[in-house]
Protein chains: 2
Amino acid sequence: MTSTQELTKNQSLVFNALARADGPLSAYTILDQLRGDGFRAPLQVYRALDKLLDYGMIHRLESINAFVACSHPHSHNHSHGMIAFAICEKCGQVSEFSDDVITGRVREWTNSNGFKQSKTTIEIRGLCATCGAA
Amino acid sequence: MTSTQELTKNQSLVFNALARADGPLSAYTILDQLRGDGFRAPLQVYRALDKLLDYGMIHRLESINAFVACSHPHSHNHSHGMIAFAICEKCGQVSEFSDDVITGRVREWTNSNGFKQSKTTIEIRGLCATCGAA
DNA sequence: TTTCGATATGTGATGTTATTACATTAGTCA
DNA sequence: TGACTAATGTAATAACATCACATATCGAAA
Ligand SMILES: [Zn+2]
Ligand SMILES: [Zn+2]
Ligand SMILES: [Zn+2]
Ligand SMILES: [Zn+2]
């Protein structure tokens, strides 16, 4: 499979739920939203999420146990660096960005410590500009 | 309270469990270790963990739902920057470090985006030097 | 076209992590 | 003492995730 996927029925349903949401969703929230489409069990959601993560179409936010559609439309890969997420704890808005300096510093640390990195999580929690101004 | 704490009985028990462990522990693993000391319920552990987190004596590893004693002995605060963790997925070893450049870049992003940061998670998962060599 | 293997799906049960709600106990300080 | 706060005990429940097993779908090889 290439980076542009032919999604299965369940994968499409889960991806569309995330794509139309205005923020991250938990697996169980997705399940509830898709009950009308025949979803009955958590595993139907988790299996689709796993594939979508593989394909790079969504991200998992470790610090809030939730999932979000990738905000880089039509380019479902981040080959050039680690991704950071800024998560608003009030409205749920998630901003995704990549910073080469951060990526480089992490690589320097892992290289000089012999650590073989497989996945890196960078999540900033706080208040977005809108919510912080209120 | 200052940064050097007089811990309560439960807080001491939980902290000591983490301090003597060779890696991160889940709340329920701590609970099981402390049953002999009279612990019966998860809340006894979670309440102690919350306080120890407040005091900066332990850290929560969001990506593995586990807790680890701070590896900076006798200086339970990290006032000068964000902390990153390198977590070995084979042996569980956790290395804690702080990088001013990373901290600075995150601050630059939040400042220029009006984002009011409250807590930042940086977790690198992979294989430590020992496990990666095997 | 039949057979086979790989992938996807359906479903119930179970495992793991964390919180709510309420009662009780222990220290602190007018 | 009485009033207040912090800490603790306990049961129940909520929230998140996986296991085990059965069934279905699809494409390639024979
Ligand atoms: Zn993305
Ligand atoms: Zn917001
Ligand atoms: Zn620390
Ligand atoms: Zn290791």
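As a basis for the values below, the full set of heavy atoms in this structure was taken, side chains included, without hydrogen atoms, waters or symmetry mates. Treat the numbers as computed from the prediction; the structure is a model and nothing was measured. Order of the sequence lines fixes the chain letters, A, B, ..., with proteins taken first and strands second; residue numbering starts at 1 for each chain.
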*Asks:* Out of D/dT8, C/dG10, C/dT19, which has the shortest distance to the side chain of A/Gln44?
*Replies:*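 The answer is C/dG10, which lies nearest to the side chain.
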*Asks:* What's the shortest heavy-atom distance between B/Val106 and A/Ile124, and which atoms?
*Replies:*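 The answer is CG1-CD1, 3.6 Å.
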*Asks:* Measuring from A/Leu7:CG to A/Leu13:CG, what's the distance to the nearest 0.5 Å?
*Replies:* 10.0 Å
*Asks:* Could you tell me whether A/Lys119 atom NZ has more than 12 heavy atoms of other residues or ligands within 6.0 Å of it?
*Replies:*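 Correct, the count exceeds 12.
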*Asks:* Within this structure, what is the OH-to-C1' distance between A/Tyr28 and D/dT13, rounded to whole angstrom?
*Replies:* 14 Å
*Asks:* I'd like to know whether A/Arg35 forms a salt bridge (Lys or Arg N to Asp or Glu O under 4.0 Å) with A/Asp32, so could you lay out the CA-CA distance, the side-chain angles of the two residues, the decisive distance to 0.1 Å, and finally the verdict.
*Replies:* CA-CA 5 Å; A/Arg35 290 205 188 271; A/Asp32 286 340; 3.2 Å; yes
*Asks:* If we ignore angles and hydrogens, is there a donor and acceptor under 3.5 Å between the side chains of B/Thr121 and A/Glu62?
*Replies:*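 On atom types as modelled, these side chains do not qualify, holding no pair under 3.5 Å.
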*Asks:* Can you build the contact string for nucleotides 19-28 of chain D? Use B for base contact, S for sugar-phosphate-only contact, and - for no protein heavy atom under 4.0 Å.
*Replies:* BB--------
*Asks:* Taking all atoms of both residues into account, what is the closest heavy-atom pair of B/Lys116 and A/Gly132, and its distance?
*Replies:*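 Shortest heavy-atom separation between B/Lys116 and A/Gly132 comes out as NZ-O, 2.8 Å.
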*Asks:* Looking at C/dA18, I'd like to know if its phosphate oxygens (OP1 or OP2) sit under 4.0 Å from a side-chain N or O belonging to B/Asn65.
*Replies:*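 Yes, within the criterion.
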*Asks:* Any idea which of C/dT11, C/dT9, C/dT17 is nearest the A/Thr8 side chain?
*Replies:* C/dT9
*Asks:* Examine D/dG9: is either OP1 or OP2 under 4.0 Å from a nitrogen or oxygen in the side chain of B/Asn10? Give yes or no.
*Replies:* yes
*Asks:* Please give, in whole Å, the distance from D/dT8 C1' to B/Lys51 NZ?
*Replies:* 13 Å
*Asks:* Can A/Tyr46 be said to stack with the base of D/dT18, given centres closer than 5.5 angstrom and planes under 30 degrees apart?
*Replies:*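 No, A/Tyr46 does not stack on the base of D/dT18, since the centre distance and plane angle fail the 5.5 Å and 30° test.
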